[in-house]
Amino acid sequence: MNLFAQMRSRVLDALSQMISDGVLPDGLDFANVAVEPPRDAAHGDMATNAAMVLAKPAKMKPRDIAEALAERLGLLAEVESATVAGPGFLNLRLDPSIWADLVQTIVTTPEYGRSDMGQGGKVNVEFVSANPTGPMHVGHTRGAVFGDALASLLSYAGYEVTREYYINDGGAQVDVLARSVYLRYLQAHGQEVEFPEGTYPGDYLIGVGEALKEKVGDTYLDKGEQFWLADVREFATEAMMEMIRGDLAALGVTMDRFFSEKSLYGTGRIEGALAELDGKDLIYRGTLEPPKGKLPEDWEPREQTLFRSTAYGDDVDRPVQKSDGAWTYFAPDIAYHWDKIERGYDQLIDVLGADHGGYVKRMKAAVAALSDERVPLDVKLCQLVKLYKNGEPFKMSKRAGTFVTLRDVVEEVGADVTRFVMLTRKNDAPLDFDFAKAIEQSKDNPVYYVQYAHARCRSVLRKAEAAGITAASPVLTDAAEIDVVRALAEWPRVVEIAARTHEPHRIAFYLYDLAQSFHALWNRGNDRPELRFWQEGDAGSTAAKILLPQAVSVVISAGLGILGVTPVEEMR
RNA sequence: GCACCCAUAGCUCAGCUGGAUAGAGUGUCGCCCUCCGAAGGCGAAGGUCGUAGGUUCGAAUCCUACUGGGUGCGCCA
């Protein structure tokens with residue numbers, strides 16, 4: 001039930017009618033005809049740009065079309081008035097009964113706002129994909145929250161979504177991890193150890209070293225690397241993934257699948273993917289030009305195996321093999337995306353940190369090539385999170401012990417607040433995260449503001465329930481009441497726009513707006529008792545009032561659900 | 001040097017497929033609890049939408065150039 005979509009189809013009907021009546025010429029494309037909320041509510045409840053969009057192709061004046069359209073729309077039962085304004089806008093004022101009906105619909109329709117836009121299309125959202133070498137830090141947190149909310153949003157919009165984590169367990173960094181754990185293992189055996197450059201000195205590996213000792217005893221003592229490296233690598237990686245799973249769980253994120261990079265090695269998967277590209281004549285041996293400007297000190301021309309990504313819009317072709325013959329990071333990633341394509345996804349989404357921006361074009365090129373441009377890949381880059389404490393920049397340093405992990409943040413401010421704050425910014429805009437402000441329970445803090453609105457709704461509803469009052473058809477008269485319903489009417493639109501643009505932050509902003517109009521109405525009850533939801537000693541009036549807060553709570557709860565934030569029953 | 005992202009109120013940011021007088025929060029100033037939850041509300045003030053062109057009936061939005069900031073640029077992942 002989307003009032004705007006409904007009205008749009010009324011408008012299109014009217015336009016078709018105008019064509020058959022000879023008012024408009026044949027063969028017009030209505031694709032750009034939109035029905036939207038007007039910028040200013042004083043203009044009306046809805047506005048359509050139909051006349052302006054069609055003026056040129058119909059070779060008519062916008063106002064002429066608008067007037068003819070207004071005449072027809074004015075006849076509809078749900079339209080109270082249709083007036084032409086400005087350059088050719090058609091403003092519609094709806095019959096007041098529409099609003100009451102909508103409120104009724106919201107509380108009786110399961111999941112009002114859920115959309116079938118996705119048509120069950122399969123979408124894979126890959127996110128977090130942090131190296132399994134340590135705990136997740138704040139930077140990962142944003143990607144985790146964003147990816148999870150995006151996945152929920154798409155699912156709400158009718159897509160079949162898989163949440164996936166790509167474990168980078170194939171490169172040199174897991175060897176470093178293994179060596180670091182080995183040192184902790186020696187330490188667990190009472191040896192003095194030092195952590196040389198190129199190892200991870202973090203305390204979080206102490207327990208892993210002890211666990212390794214527990215498992216293998218003294219088997220690896222005084223042994224060469226070749227003897228223990230592979231085993232320790234696996235043991236350590238598994239321990240890290242265990243930790244990361246726990247970190248994600250603390251945030252409320254559950255992956256559907258963890259995909260191991262290492263599983264691509266030695267199984268022919270990488271070779272297979274590259275053969276696929278080679279079959280399209282996109283792999284060749286060649287030498288890259290050095291990058292212009294600053295030349296790397298040790299630059300020397302080398303022949304490498306290259307992927308012809310320029311055939312799909314990249315700036316230069318990209319190496320898939322290092323000079324020593326080992327794969328670059330890109331090669332298994334090609335194989336990974338090939339795997340995703342083969343699993344039948346209609347759409348791929350990668351959520352990456354902004355520092356991977358340079359990687360986007362080649363990955364898109366690879367996916368386009370491998371899927372014959374059938375499967376779109378959207379790469380969402382999350383900008384950095386800048387930490388503050390009471391307005392003061394909070395510098396992170398592993399050495400100074402001020403390294404901030406995801407756990408630190410969640411323990412300090414809670415998962416709900418963390419998630420909401422991370423989503424109050426567009427993904428490609430940098431985010432300031434202030435610890436002190438995040439836990440402050442005030443209007444400074446949008447989370448509490450939205451939750452407060454929900455709590456107020458629930459509070460009234462509990463009171464009504466306790467009094468045995470059940471909701472009856474609402475009577476909506478005041479402008480503040482209509483404002484709230486107007487906001488509710490936009491919910492399905494917001495879901496679709498947010499899903500289409502892959503921008504979950506729109507949900508957060510919408511909820512804030514909805515909460516705002518609700519709080520405004522609530523406070524109006526201070527001066528005008530007849531606007532209160534609870535009408536003391538008048539069960540009949542109360543019954544007619546409480547459907548609106550019920551509808552608000554339905555939408556807030558659905559919206560917060562998408563963001564993964566708890567819609568609380570009461571503030572404490 | 002090249003590529004990608006960003007530039008909107010003092011500050012932090014929204015702004016839908018190009019649409020009407022560009023919106024919130026915060027900060028500043030004034031007001032509102034005998035009142036359903038003041039963790040709230042109302043009002044005032046605050047803008048050459050980085051600059052210059054272009055496309056269009058119409059541009060914060062699209063195109064080009066420039067300025068300023070971020071990120072990245074073979075053998076890190």
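Naming convention: chains lettered A, B, ... in sequence-line order (proteins, then strands); numbering from 1 in each chain.
- Nucleotide B/A24 is matched to B/U12 when pairs are restricted to Watson-Crick or G-U wobble geometry with both distances under 3.5 angstrom.
- Protein atom CG of A/L306 is 12 Å distant from nucleotide atom C1' of B/C75, rounded to whole Å.
- Rounded to the nearest Å, the gap between the C1' atom of B/A45 and that of B/G40 is 23 Å.
- The side chain of A/Q516 places no N or O atom within less than 4.0 Å of a non-bridging phosphate oxygen (OP1 or OP2) of B/G41.
- Annotation: side-chain hydrogen bond (donor to acceptor under 3.5 Å, both in side chains) contacts involving residues 37-49 of chain A, sequence neighbours excluded, comprise A/D45-A/R486.
- Straight-line distance between the C1' atoms of B/A44 and B/A39: roughly 25 Å, to the nearest whole Å.
- Relative ring orientation between A/Y336 and A/Y166 is described as parallel, the plane-to-plane angle staying below 30° on a 0-90° scale split at 30° and 60°.
- Base engagement by A/A85 is indicated by at least one non-hydrogen atom pair under 4.0 Å involving a base atom.
- The base-pairing partner of B/A60, taking Watson-Crick or G-U wobble contacts with both distances under 3.5 Å, does not exist among the strands shown.
- Rounded to whole Å, the C1' atom of B/G50 lies 6 Å from the corresponding atom of B/A7.
- Using a 4.0 Å cut-off, no side-chain N or O of A/R462 falls inside it from OP1 or OP2 of B/G37.
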Between side-chain atoms of residues 514-525 of chain A and protein atoms elsewhere (two or more places apart, or another chain), which donor-acceptor pairs fall under 3.5 Å?
residue, atom, partner, partner atom, Å
A/S517, OG, A/L514, O, 2.9
A/H519, ND1, A/R456, NH1, 2.9
A/H519, NE2, A/Y449, O, 3.1

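- Rounded to whole Å, atom C1' of B/G19 lies 8 Å from atom CD of A/E36.
- Across B/C66 and B/C4, the matching P atoms stand 13 Å from one another, rounded to whole Å.
- Atom pair A/W522:CH2 and B/G40:C1' shows a separation of 10 Å (rounding to whole Å applied).
- Not a single donor-acceptor pair, N or O on each side, falls under 3.5 Å between the base of B/A77 and the side chain of A/D333.
- Among residue pairs with one or both ends in residues 528-539 of chain A, those qualifying as side-chain hydrogen bond (donor to acceptor under 3.5 Å, both in side chains) are A/D478-A/R528, A/R528-A/E530, A/W534-A/E536, A/D538-A/S541; sequence neighbours excluded.
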Exercise. Nucleotide by nucleotide, 5' to 3', does protein get under 4.0 Å of the base (B), only the sugar-phosphate (S), or neither (-) in nucleotides 9-14 of chain B, counting heavy atoms?
Worked result: ---SSS
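- Residue A/Y449 places at least one side-chain N or O closer than 4.0 Å to OP1 or OP2 of B/G41.
- Between A/H519 and A/A354, the residue anchored nearer the 5' end of RNA chain B, judged by the nucleotide with its closest heavy atom, is A/H519.
- A gap of 42 Å separates the C1' atoms of B/A59 and B/A77, to the nearest Å.
- Figure legend. B/C49 is base-paired to no nucleotide; pairs are counted as Watson-Crick or G-U wobble with both atom distances under 3.5 Å.
- Atom name P, nucleotides B/C31 and B/G23: the rounded distance is 27 Å, in whole Å.
- For A/S263, the side chain to side chain contact (heavy atoms under 4.5 Å, CB included) partners are A/F259, A/S260, not counting sequence neighbours.
- Screening residues 46-59 of chain A for salt bridge (Lys or Arg N to Asp or Glu O under 4.0 Å) gives no qualifying pairs among residues at least two apart or on separate chains.
- Checking the phosphate oxygens (OP1, OP2) of B/G18, no side-chain nitrogen or oxygen of A/K56 falls inside 4.0 Å.
- Neither OP1 nor OP2 of B/C75 sits under 4.0 Å from any side-chain N or O of A/T328.
- Partner assigned to B/A7 is B/U67, using Watson-Crick or G-U wobble distances below 3.5 angstrom.
- Closest contact between the side chain of A/K322 and the listed nucleotides B/G74, B/C36, B/A77 involves B/A77.
- Closest to the side chain of A/A520, from the set B/A77, B/C42, B/A39, is B/C42.
- The existence of a salt bridge linking A/K463 and A/E465 is excluded, since no basic side-chain nitrogen approaches an acidic carboxylate oxygen closer than 4.0 Å.
- Every residue two or more places apart in sequence or in another chain that forms a side chain to side chain contact (heavy atoms under 4.5 Å, CB included) with A/R63 is listed here: A/E67, A/V84.
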For this session: Give the B/S/- string for nucleotides 62-70 of chain B, one per nucleotide from 5' to 3', where a protein heavy atom under 4.0 Å of the base yields B, of only the sugar-phosphate yields S, and otherwise -.
Result: ---------
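- Put simply, NE2 on A/H502 is 19 Å from C1' on B/C5, counting in whole angstrom units.
- Contact annotation: A/R302 side-chain N/O to B/G74 OP1/OP2 distance is not under 4.0 Å.
- With sequence neighbours left out, the side chain to side chain contact (heavy atoms under 4.5 Å, CB included) criterion links A/A499 to A/M117, A/L153, A/L154, A/A157.
- Residues from residues 528-552 of chain A that place a heavy atom under 4.0 Å from any atom of RNA chain B, listed by number: A/R532, A/F533, A/W534.
- A side-chain hydrogen bond (donor to acceptor under 3.5 Å, both in side chains) check over residues 356-366 of chain A, counting only residues at least two apart or in different chains, returns the pairs A/D315-A/K361, A/D333-A/Y359.
- Cation-pi geometry between A/K545 and A/F533 is not met: the NZ or CZ atom fails to fall both under 6.0 Å from the ring centre and inside 45° of the normal.
- A cation-pi contact, defined as under 6.0 Å to the ring centre and within 45° of the axis, is absent between A/R318 and A/F307.
- Taking atom CZ on A/R318 and atom P on B/C76, their separation rounds to 16 Å, with Å as the unit.
- Note on A/E300: a base of the nucleic acid sits closer than 4.0 angstrom, heavy atoms only.
- Heavy atoms of A/N32 sit under 4.0 angstrom from at least one base atom.
- With sequence neighbours excluded, the residues forming a salt bridge (Lys or Arg N to Asp or Glu O under 4.0 Å) with A/E503 are A/R506, listed by chain and number.
- In this structure a side-chain-to-backbone donor-acceptor pair under 3.5 Å is missing from A/H505 to A/R425.
- Between B/C42 and B/U56, the two C1' atoms lie 41 Å apart (nearest whole Å).
- Place A/F330 and A/G357 on RNA chain B by their nearest nucleotides, and A/G357 ends up nearer the 5' end.
- By the criterion of a centre-to-centre distance under 5.5 Å and near-parallel planes under 30°, the ring of A/H43 forms a stack with the base of B/A20.
- Taking only distance into account, the side chain of A/R493 meets the base of B/C16 through a donor-acceptor pair shorter than 3.5 Å.
- Checked against B/C16, B/C36, B/U71, the side chain of A/D355 finds its nearest nucleotide in B/U71.
- Going from the C1' atom of B/G47 to that of B/A60 covers 12 Å, rounded to whole Å.
- Side-chain N/O atoms of A/N526 and base N/O atoms of B/G41 include no donor-acceptor pair closer than 3.5 Å.
- The residue from A/N2, A/L3, A/I507 that alone fulfils the side chain to side chain contact (heavy atoms under 4.5 Å, CB included) condition with A/W491 is A/I507.
- Backbone-only engagement by A/E261 is indicated by non-hydrogen atom pairs under 4.0 Å involving sugar-phosphate atoms exclusively.
- Regarding A/L381, its CG atom lies at a distance of 13 Å from the P atom of B/C4, rounded to whole Å.
- Taking a centre distance below 5.5 Å and an interplanar angle below 30 degrees as the stacking criterion, A/F89 stacks against the six-membered base ring of B/A20.
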